[in-house]
J.: 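Quick one: the structure is below, questions incoming.
Hydrogens, waters and symmetry mates play no part in the numbers below; they use all other heavy atoms, side chains included. Numbers here are sequence positions counted from 1.
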Amino acid sequence: MRVEIWSDIACPWCYIGKARFEKGLAEFAHRDEVEVVHRSFELDPSRAKGDTALVIDMLAEKYGRSREEAAAMEANVAANAQSEGLGYRTEGRDHGNTFDIHRLLHLAKARGRQDQLLTLAYRANFAEERSVFDGEVLVALAEEAGLDADEARAVLADPAAYADDVRTDEREAAELGANAVPFFVFDRRYGISGGQPSEVFVQALEQAWKDRPATALTTVGDDAAACGSDGACEVPQG
């Protein structure tokens with residue numbers, strides 16, 4: 001069975017959702033027969049490369065809040081991340097265009113190191129003092145994930161490298177009706193949107209396994225926090 005996950009490095013609910021999905025997958029009896037494929041989805045594709053802003057400032061501007069209110073929003077997301085055992089810095093993180101990261105993730109996919117790079121990139125963005133919008137940081141992360149540093153640097157230097165792969169993922173997301181991430185698709189039969197609890201993923205895995213083959217994509221689980229195609233991320237109030 002194949003599970004495809006549309007996500008963006010800039011999306012905190014994708015970071016949290018990945019951890020929750022992996023917890024659910026660990027409980028699934030047929031976990032060794034599940035192929036997980038990560039797909040590209042940009043939250044802020046119109047932002048120019050190199051144009052970065054502090055996350056707190058971005059949130060304050062997007063939601064029309066004070067910096068103090070934006071900081072409280074981040075603290076709420078951090079609490080959700082920490083409840084899953086994830087590190088999460090609430091200050092000092094930056095936000096920008098993630099197209100280069102997605103291109104590098106497609107290189108990692110071609111080399112069989114996609115999940116490793118994605119995990120490292122999430123950790124760097126949300127838990128560490130490392131900007132994923134810095135090309136040399138991305139090269140270092142690629143090398144840590146087991147990729148060749150020179151090959152990673154060459155991909156980043158060529159704007160066309162893996163660009164079509166990113167666009168194809170984004171087009172497929174639109175065709176499937178995904179307008180927020182994370183978005184999980186099970187054998188192109190069942191879909192889950194948002195950072196659902198791990199038990200919802202267990203249910204979806206078991207249902208998709210049981211019902212093979214099926215026909216149309218069916219959404220399971222209640223609405224959960226997600227980041228939308230306009231770059232906005234839902235924040236739990238409490």
Side-chain angles (χ1 to χ4, degrees), residues 1-43 45 80 84 86 98 101-103 105-106 108-119 121-122 162 164-234 236:
M1 183 167 66
R2 171 180 284 194
V3 179
E4 297 164 277
I5 307 173
W6 274 264
S7 62
D8 192 7
I9 291 295
C11 164
W13 292 109
C14 298
Y15 176 48
I16 295 166
K18 182 176 186 291
R20 290 175 175 173
F21 168 76
E22 288 170 351
K23 286 184 179 180
L25 181 62
E27 298 179 22
F28 181 53
H30 303 283
R31 56 187 172 274
D32 293 337
E33 299 174 71
V34 176
E35 176 192 12
V36 179
V37 178
H38 297 283
R39 303 274 188 205
S40 300
F41 190 104
E42 294 174 89
L43 288 178
N80 276 266
E84 301 298 334
L86 300 171
T98 56
I101 305 170
H102 286 297
R103 295 194 302 113
L105 283 165
H106 275 281
K109 178 184 176 184
R111 302 292 179 264
R113 308 299 295 174
Q114 187 187 45
D115 187 71
Q116 290 85 345
L117 179 57
L118 183 62
T119 298
Y122 274 138
Y162 295 100
D164 288 345
D165 298 85
V166 176
R167 298 306 183 211
T168 296
D169 280 356
E170 293 174 337
R171 184 170 61 252
E172 289 187 0
E175 290 170 354
L176 289 170
N179 55 18
V181 287
F183 186 64
F184 302 79
V185 175
F186 299 75
D187 265 351
R188 295 289 171 112
R189 298 182 178 103
Y190 294 93
I192 289 180
S193 181
Q196 301 276 357
S198 60
E199 54 267 26
V200 174
F201 291 115
V202 174
Q203 174 194 350
L205 287 161
E206 292 176 346
Q207 192 69 40
W209 186 269
K210 176 184 176 182
D211 291 350
R212 295 179 304 164
T215 52
L217 180 70
T218 302
T219 300
V220 299
D222 297 328
D223 290 342
C227 296
S229 56
D230 61 353
C233 295
E234 298 176 24

J.: Quick one: pull up OG in S198 and CD in E22 and give me the separation to the nearest 0.5 Å.
T.: 11.5 Å
J.: Could you verify whether a donor N or O on one side chain and an acceptor N or O on the other, from D169 and H102, lie under 3.5 Å apart?
T.: no
J.: Between A208 and F186, what is the shortest heavy-atom contact and its length?
T.: CB-CB, 3.9 Å
J.: So, the side chain of R103 versus the backbone of Y162: is there a donor-acceptor pair under 3.5 Å, distance only?
T.: no
J.: From the options V185, D211, V3, select the one residue that forms a side-chain contact (heavy atoms from CB on, under 4.5 Å) with Y190.
T.: D211
J.: So Y15 and Y122, would you call those rings parallel, tilted or perpendicular, with 30° and 60° as cut-offs?
T.: tilted
J.: Set out, in order, the CA-CA distance, both residues' side-chain angles and the distance that settles side-chain contact (heavy atoms from CB on, under 4.5 Å) for L43 and T98, then state yes or no.
T.: CA-CA 8 Å; L43 288 178; T98 56; over 6 Å; no
J.: Measuring from L105:CG to S7:OG, what's the distance to the nearest 0.5 Å?
T.: 8.0 Å
J.: May I have the step-by-step check of side-chain contact (heavy atoms from CB on, under 4.5 Å) for L118 and I9, ending in yes or no?
T.: CA-CA 8 Å; L118 183 62; I9 291 295; 3.5 Å; yes
J.: Salt bridge check: are E42 and R167 linked by an N-O gap of less than 4.0 Å?
T.: yes
J.: Does a donor on one side chain and an acceptor on the other come within less than 3.5 Å for S40 and H106?
T.: yes
J.: Flag the pair F41 / F183 as yes when their ring centroid distance falls below 6.0 Å, and as no otherwise.
T.: no
J.: Could you check E199 against K23 for salt bridge (Lys or Arg N to Asp or Glu O under 4.0 Å), going step by step and ending with a plain yes or no?
T.: CA-CA 9 Å; E199 54 267 26; K23 286 184 179 180; over 6 Å; no
J.: To the nearest 0.5 Å, how far apart are CD1 in I5 and CZ in R39?
T.: 11.0 Å
J.: What distance separates H30 NE2 from M1 CE, expressed to the nearest 0.5 Å?
T.: 8.5 Å
J.: Between K109 and D115, does any side-chain N to carboxylate O distance fall below 4.0 Å?
T.: no
J.: Take F201 and L25 through the test side-chain contact (heavy atoms from CB on, under 4.5 Å) and record every step on the way to the result.
T.: CA-CA 7 Å; F201 291 115; L25 181 62; over 6 Å; no
J.: When rounded to the nearest 0.5 angstrom, what distance separates NE2 in H38 from CD in Q114?
T.: 5.5 Å
J.: Any salt bridge between K210 and E206, counting N to O under 4.0 Å?
T.: no
J.: Give the C-alpha distance, both sets of side-chain angles, the deciding distance and a yes or no for side-chain contact (heavy atoms from CB on, under 4.5 Å) between W13 and N80.
T.: CA-CA 9 Å; W13 292 109; N80 276 266; 3.6 Å; yes
J.: How close do F28 and V34 get, counting heavy atoms only, and between which atoms?
T.: CE2-CG2, 3.7 Å
J.: How close do C11 and C14 get, counting heavy atoms only, and between which atoms?
T.: SG-SG, 2.7 Å
J.: Test salt bridge (Lys or Arg N to Asp or Glu O under 4.0 Å) on R188 and E4 and set out the steps.
T.: CA-CA 8 Å; R188 295 289 171 112; E4 297 164 277; 2.7 Å; yes
J.: Measure the CZ-CZ distance between R20 and F184 for me, rounded to the nearest 0.5 Å.
T.: 10.0 Å
